[in-house]
Amino acid sequence: MFAVLTRARKALRITALATTATLLAACDMPVMTNTGGSASGPSVDPGAPVRVALLVPQSDPGAASIARDLENAARLAIADLGDSNIELAVYDTAGSPAAAGAQAQRAVDEGARIILGPLRGEVAVEASKMVADEGVNVLSFSNNASIAGGNLYILGPTFENTADRLMAYAKRQGRSSVAIVSSDDVPGQFGKIAVEQAAARNGVRVAASQTYPLTLDGVTGTAQSMGSIVADTGADSVFVTTDATNAAMPVLLQIMPENGVSPSEVQYIGLTRWDVKPELFSMPGAQGAWFTLPNQSMQTSFTQRYAARYGSAPHPLAGLAFDGIAAIGALLEQGRSDALTAGALTQSAGFQGTGGVFRLRPDGTNQRGLAVATVRNNQMVILDPAPASFSGAGF
């Protein structure tokens, strides 16, 4: 335990001094909800090439490699479509909202019928606003559900989708009450709200909600208090929203079990993928815990095909560009003149992407088919496979 706390002390000291932007490097900042109006989408000639604009931050030093991988993945998806009528045009946003808006307008002026990207939420909002009056839809790579709506859709996996999958599974396994543990920063609060809403939708009682400050004392104090909180409230599960790569996670998974939150009696649930940090699997609180992940066979297939074509593994976000092109291509292959309208993009059957089945929702958010996994003998085991369609279990 002392080694865990020593490492955490160093990491959390750095985290506490970081800027808000650094804290949210893996999560979009909250921005004003898109107010660009609702776009049904332009009609297209099914027999003619359709121009798709890809907006990526090519000249942003901090994101240029992601931009490259997003473009590579989009071109790989086009190649998979065979005799596709998609004509891809790439525009540089430089990671700037103003530049993204100008480039979105330029793309439409040059014939784009739909926009794929941009990467960040606040940038995507500006791009969508600029072209909303022309009825052009934007499929952004953001995971920020608060920006979705009107002509702006998000392709990134959301806390809401993950929390819903896990709460529905917990309900089916007989779990009826949950205590939520979250950090007091923006990602932690977004995660807490997502879990609270998912619990309400699935008939699970929120017995308690505890937040911790980004300090070692804050994390430790919250972890030590959870035993009495669980006992007093009767919670039969603990939902941890903390990212698996955060220094607070091993502290929570070590100290909560030592203070009465026994994994043999209380179900641990994680909002993020714990398999990205396999060192956690040896922690007491990880034993038997639940978390989600995409369809692994499909994700592995995409990674292998990408590496074979481009010589290296793709960035984790690259698959979103592939998914966007796959959805557009699937609709165009149906020979529909309304293929790029809101009605078509939000078809209930959804699409097949790099991580399995997914669909866009009328409110601009998305649903993705996720597997539920656990930890046994320090190894990840799939408990409930990712659904193959939206008519199967898991939705």
Side-chain angles (χ1 to χ4, degrees), residues 40-41 46 77 80-82 84 114 116 137 139 143 145 148-149 153-176 194-195 197-204 269-271 273 275 290-302 319-374 380-395:
S40 61
D80 279 2
L81 293 171
S84 168
I114 192 168
L116 186 58
N137 289 310
L139 310 184
N143 66 346
Y153 298 84
I154 60 171
L155 289 169
T158 66
F159 284 159
E160 290 79 5
N161 188 72
T162 300
D164 225 26
R165 173 69 161 116
L166 287 164
M167 280 288 91
Y169 182 78
K171 182 67 173 181
R172 293 199 301 272
Q173 302 307 308
R175 300 289 166 172
S176 60
V195 174
Q197 293 176 342
R201 284 191 294 268
N202 289 281
V204 176
I269 307 173
L271 187 59
R273 289 182 60 173
D275 60 309
W290 298 337
F291 55 93
T292 67
L293 64 162
N295 183 307
Q296 290 299 277
S297 63
M298 297 191 72
Q299 196 165 63
T300 298
S301 174
F302 165 70
L320 299 178
F322 187 102
D323 291 354
I325 292 294
I328 294 167
L331 293 169
L332 292 175
E333 285 182 341
Q334 296 175 16
R336 300 169 52 169
S337 61
D338 67 344
L340 303 184
T341 64
L345 290 168
T346 59
Q347 64 177 21
S348 60
F351 311 96
Q352 289 293 333
T354 56
V357 65
F358 74 97
R359 64 182 170 190
L360 297 171
R361 304 174 67 183
D363 65 0
T365 61
N366 67 75
Q367 285 182 299
R368 289 180 174 272
L370 300 171
V372 176
T374 192
M380 183 180 73
V381 177
I382 300 297
L383 290 175
D384 195 24
S389 71
F390 286 95
S391 60
F395 288 104

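Just so you know, these numbers use all the heavy atoms, side chains as well, and skip hydrogens, waters and symmetry mates.
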For this session: Locate the shortest heavy-atom distance separating Q352 from A326; write the atom from each residue and the value.
Result: O-CB, 3.9 Å
Exercise. Taking atom CD1 of I154 and atom CG of L139, what is their separation to the nearest 0.5 Å?
Worked result: 11.5 Å
Exercise. Do I325 and D80 come within less than 4.5 Å of each other through their side chains, counting heavy atoms only?
Worked result: no
Problem set entry | Test item: T292 and Y169 side chains (from C-beta on) under 4.5 Å apart, heavy atoms | no
For this session: Determine the minimum heavy-atom distance between P387 and R165, stating which atoms define it.
Result: CD-NH2, 4.3 Å
For this session: Kindly indicate whether the side chain of L370, heavy atoms from C-beta on, has any atom under 4.5 Å from the side chain of L166.
Result: no
For this session: Name all residues meeting the side-chain contact (heavy atoms from CB on, under 4.5 Å) criterion together with Q299; count only those two or more places apart in sequence or in a different chain, and write none if there are none.
Result: R273, P294, Q296
For this session: Looking only at non-hydrogen atoms, find the nearest pair between A342 and N137 and report the distance.
Result: N-ND2, 3.9 Å
For this session: Check whether any side-chain heavy atom of L345 lies under 4.5 Å from a side-chain heavy atom of I114, and answer yes or no.
Result: yes
Problem set entry | Nearest heavy atoms of R359 and G350, plus distance in Å | CB-CA, 3.6 Å
For this session: Without swapping roles, check the side chain of N161 against the backbone of P157 for a donor-acceptor pair under 3.5 Å.
Result: no
Exercise. Does R175 reach the side chain of I269, with side-chain heavy atoms less than 4.5 Å apart?
Worked result: no
Seminar exercise, completed: Closest heavy-atom pair, R361 versus Y153, reported as atoms and distance to 0.1 Å, is O-CE2, 3.7 Å
